[in-house]
Colleague: 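One structure is given below, represented as structure tokens, and several questions about it will come after.
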Amino acid sequence: MGESQHQMKAEVTVGARGIDVRVTGEIDIANVDEFRALLWALPATPAPLRVDLGGVDFLSAAGVRALIAVHLRMRARGGQLVICNPNSVVRRTLRATRVNRVIPIVGSSAVGEEVTRSLPAPVPLRRAATLI
């Protein structure tokens, strides 16, 4: 496998119904800063932000944290982040980290355009007991 297969690439489309970001490659520690910067640089708008992960082969914990940060930022603006089209590996990562409980995940970007569900209630965080 060549290194070019693992690089992250993104295509951004800004329209009247929201912003679409189509990502391919891998989102890992090597490029998560670039991924986060891309999402942070998008226009400030309450319109939906749809991130299509259909072309993503691997999503690391750092990538999950970036998605959560963007979700919180969008929510503060009155908007919504929608994750679209994750493959089975990425979907498993999103379920294991329980991201699917706070960010809508849909099968495709086209379906994501119609997502109008209300934002979920905040989930209380439990602090882990410190072992001495």
Colleague: With sequence neighbours left out, what residues match R91 under side-chain hydrogen bond (donor to acceptor under 3.5 Å, both in side chains)?
Modeller: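 Checked R91 against side-chain hydrogen bond (donor to acceptor under 3.5 Å, both in side chains); zero matches.
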Colleague: Give me the atom names and distance for the closest heavy-atom approach of I103 to L81.
Modeller: CG2-O, 3.5 Å
Colleague: List the steps and the verdict of side-chain contact (heavy atoms from CB on, under 4.5 Å) for V90 and I83.
Modeller: CA-CA 11 Å; V90 172; I83 298 173; 6.0 Å; no
Colleague: Kindly compute the distance separating CG (L49) from CD1 (I19), expressed to the nearest 0.5 Å.
Modeller: 6.0 Å
Colleague: Could you measure the distance from the CG atom of D52 to the CG atom of D20? Nearest 0.5 Å is fine.
Modeller: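 Reported to 0.5 Å precision, the distance equals 8.0 Å.
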Colleague: Work out which heavy atom in Q80 is nearest to a heavy atom in P104; give both atom names and the distance.
Modeller: NE2-CG, 3.3 Å
Colleague: Roughly how far, to the nearest 0.5 Å, is the CG atom of L42 from the CZ atom of R73?
Modeller: 8.5 Å
Colleague: Following the transitive rule for hydrophobic clusters with a side-chain heavy-atom cut-off under 4.5 Å over Ile, Leu, Val, Met, Phe, Trp and Tyr, establish whether F35 and V89 coincide in one cluster.
Modeller: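 Different hydrophobic clusters.
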Colleague: Out of curiosity, does L94 fall in the hydrophobic cluster containing F58 (side-chain heavy atoms, cut-off under 4.5 Å, transitive links)?
Modeller: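 No, because F58 and L94 fall into different hydrophobic clusters, even though each may have its own neighbours under 4.5 Å.
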Colleague: Would you call I68 and V102 a side-chain contact if the rule is heavy atoms closer than 4.5 Å?
Modeller: yes
Colleague: On a heavy-atom basis, which atom in P86 and which in V106 lie closest, and how many Å separate them?
Modeller: CD-O, 3.7 Å
Colleague: To the nearest 0.5 Å, how far apart are OG1 in T97 and CZ in R92?
Modeller: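 The distance works out to 12.5 Å.
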Colleague: Please list, chain by chain and in numerical order, all residues satisfying side-chain hydrogen bond (donor to acceptor under 3.5 Å, both in side chains) with D33, sequence neighbours excluded.
Modeller: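 By the side-chain hydrogen bond (donor to acceptor under 3.5 Å, both in side chains) rule, D33 matches R36.
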Colleague: Is there side-chain contact between L59 and V23, with at least one heavy-atom pair below 4.5 Å?
Modeller: no
Colleague: Give me the atom names and distance for the closest heavy-atom approach of M8 to E26.
Modeller: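 Looking at all heavy atoms of both residues, the shortest contact is CB-O, 3.4 Å.
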Colleague: CZ of R101 to CZ of R95: how many Å apart, nearest 0.5 Å?
Modeller: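 Separation between the atoms: 11.5 Å.
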Colleague: Is there a donor-acceptor pair closer than 3.5 Å between any side-chain N or O of N87 and the backbone N or O of G55?
Modeller: no
Colleague: Which residues pass the side chain to side chain contact (heavy atoms under 4.5 Å, CB included) test with L38, sequence neighbours left out?
Modeller: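 Testing L38 for side chain to side chain contact (heavy atoms under 4.5 Å, CB included), a comparison that skips the adjacent residues, returns A10, V12, V21.
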Colleague: What pair of heavy atoms forms the shortest contact from G18 to A47, and how long is it?
Modeller: CA-CB, 3.7 Å
Colleague: Tell me whether R77 at atom CZ has more than 12 heavy atoms from other residues, nucleotides or ligands lying less than 6.0 Å away.
Modeller: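 Enclosed: over 12 neighbouring heavy atoms sit under 6.0 Å from CZ of R77.
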Colleague: Could you grab the distance from atom CZ of R50 to atom CG of N85, nearest 0.5 Å is fine?
Modeller: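 Reported value, rounded in 0.5 Å steps: 13.0 Å.
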Colleague: Would a 4.5 Å heavy-atom cut-off, applied to side chains only, mark L53 and I27 as touching?
Modeller: yes
